[in-house]
Amino acid sequence: MNFNGKVILITGGSRGIGNSIAKEFVKLGGTVIINYRHNDAAAKQTLKDIEDLGGYAVSIKGDVSSYSFTKSMINDILNKFGKIDVLINNAGISKIGLFIDMHEGDFDSIIGTNLKGVFNTCHSVAKHMIDRRQGSIINISSIWGEVGASCEVLYSASKGGINSFTKALGKELAPSGIRVNAVQPGIINTEMNKWLTKEEKEELEGEIPMMRFGEGEDIAKLTTFLASEDSKYITSQIITVDGGYIKDKN
Ligand code: NDP
């Protein structure tokens, strides 16, 4: 796989899984743009990680749940780099809690970031990709989008929406030479899971056939494959990376 000369936009690229995906593309020669929302220090660190790998990246701060921000970010990238070859929709938030304790604002922020964010970027980039008759879009979903998680109803709904969105958009854009796929991770070692106690973490690990949480790199390796020519006949797919966790949970 080789991404020399390719321009890759990664939303939520400043931390966790996004950081791993950014580094993997850079190792393969890609030019990476990382988007993030709040944490300047994390974005700076990711840019440094990329520089240390001998790569080139820029960061763009802003909220993917805003259509106008997303549109202007994509226009700015097209003006500066001339193209976007790969779009990775990775930005995401979660909130754990009973459904009856959720508020309308939780619905708006979780669906707004996780699902509307994917609509926003895809809507702004699709025409450009159609004009070039090439491009690859990869959405980072979750196993909970497939099987649903207790105490993560809104998060599960947002990821289930991403899965259907991916399958449908992949079909619609395939004749234009664009592929759309999703990766649905199981439980990955990032700050999103920092709230787990040691005991809760051990209990969860015990339920995973591979007996460990995944690492960002496990997601990044599949993501780069799905973005590459090596997967040129794969589209509209939701691919699970979870150490065997949800096999019997449907
Ligand atoms: P992290 O919390 O570690 O990182 C989230 C990233 O998304 C940060 O870069 C954050 O930026 C960015 N972000 C959040 N909201 C927005 C927004 N509105 N606009 C732009 N950027 C935003 O998450 P993970 O790395 O764990 O998760 C990455 C993706 O993988 C998410 O979509 C998540 O749902 C999914 N996933 C994660 C799993 C896990 O176990 N960790 C399992 C399954 C799926 P900032 O820090 O500046 O706010």
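Along the sequence shown, the residues carry numbers beginning at 1. Just so you know, these numbers come straight off a predicted model, no measurement behind them.
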Partners passing salt bridge (Lys or Arg N to Asp or Glu O under 4.0 Å) against [X] (at least two apart in sequence or in another chain):
| X | value |
| --- | --- |
| Glu205 | Lys201 |
| Glu215 | none |
| Asp218 | Arg212 |

Can you find a side-chain donor-acceptor pair between [X] and [Y] that sits under 3.5 Å?
| X | Y | result |
| --- | --- | --- |
| Asp242 | Thr240 | no |
| Asn19 | Thr46 | yes |
| Asn163 | Gln184 | yes |
| Asn89 | Thr121 | yes |

For the residue pair [X] and [Y], establish whether any side-chain heavy-atom pair is separated by less than 4.5 Å.
| X | Y | answer |
| --- | --- | --- |
| Val183 | Thr223 | yes |
| Glu207 | Tyr245 | yes |
| Ser94 | Glu152 | yes |

Please identify each residue that fulfils ring-ring contact (aromatic ring centres under 6.0 Å, His included) with [X], with sequence neighbours left out.
| X | value |
| --- | --- |
| Tyr155 | none |
| His128 | none |
| Phe225 | none |

Is a side-chain N or O of [X] found less than 3.5 angstrom from the main chain of [Y], in a donor-acceptor match?
| X | Y | answer |
| --- | --- | --- |
| Asn120 | Thr70 | no |
| Asn139 | Ser141 | no |
| Thr166 | Ala182 | no |

By the salt bridge (Lys or Arg N to Asp or Glu O under 4.0 Å) test, which pairs, at least two apart or in different chains, include something from [range]?
| range | value |
| --- | --- |
| residues 26-45 | Glu24-Lys27, Asp40-Lys61 |
| residues 154-178 | none |
| residues 10-23 | Arg15-Glu191 |
| residues 106-128 | Lys95-Asp106, Lys127-Asp131 |

### Task
Under 4.5 Å between side-chain heavy atoms, chaining through other members, with only Ile, Leu, Val, Met, Phe, Trp and Tyr counted: pull out the rest of the cluster around Leu98, sorted by chain and number.
Ile100
Hey, quick one: are [X] and [Y] part of the same hydrophobic cluster, counting side-chain heavy atoms closer than 4.5 Å, chains of contacts allowed?
| X | Y | result |
| --- | --- | --- |
| Ile208 | Met192 | yes |
| Ile74 | Val64 | no |
| Ile77 | Phe119 | yes |

### Task
Could you tell me whether Asp230 and Lys232 make a salt bridge, using a distance below 4.0 angstrom between a side-chain N and a carboxylate O?
no
Nearest heavy-atom neighbours spanning [X] and [Y]:
| X | Y | answer |
| --- | --- | --- |
| Gly12 | Ala91 | N-CB, 3.7 Å |
| Gly216 | Ile188 | N-CG2, 3.7 Å |
| Thr235 | Ala174 | CG2-CB, 4.4 Å |
| Ile219 | Pro185 | CD1-CB, 3.5 Å |

### Query
Can you list every ring pair (Phe, Tyr, Trp, His ring centres under 6.0 Å) pair that touches residues 21-57, not counting sequence neighbours?
Phe3-Phe25
### Option passing side-chain contact (heavy atoms from CB on, under 4.5 Å) with Leu87 (candidates Ile138, Val7, Ile137)
Ile137
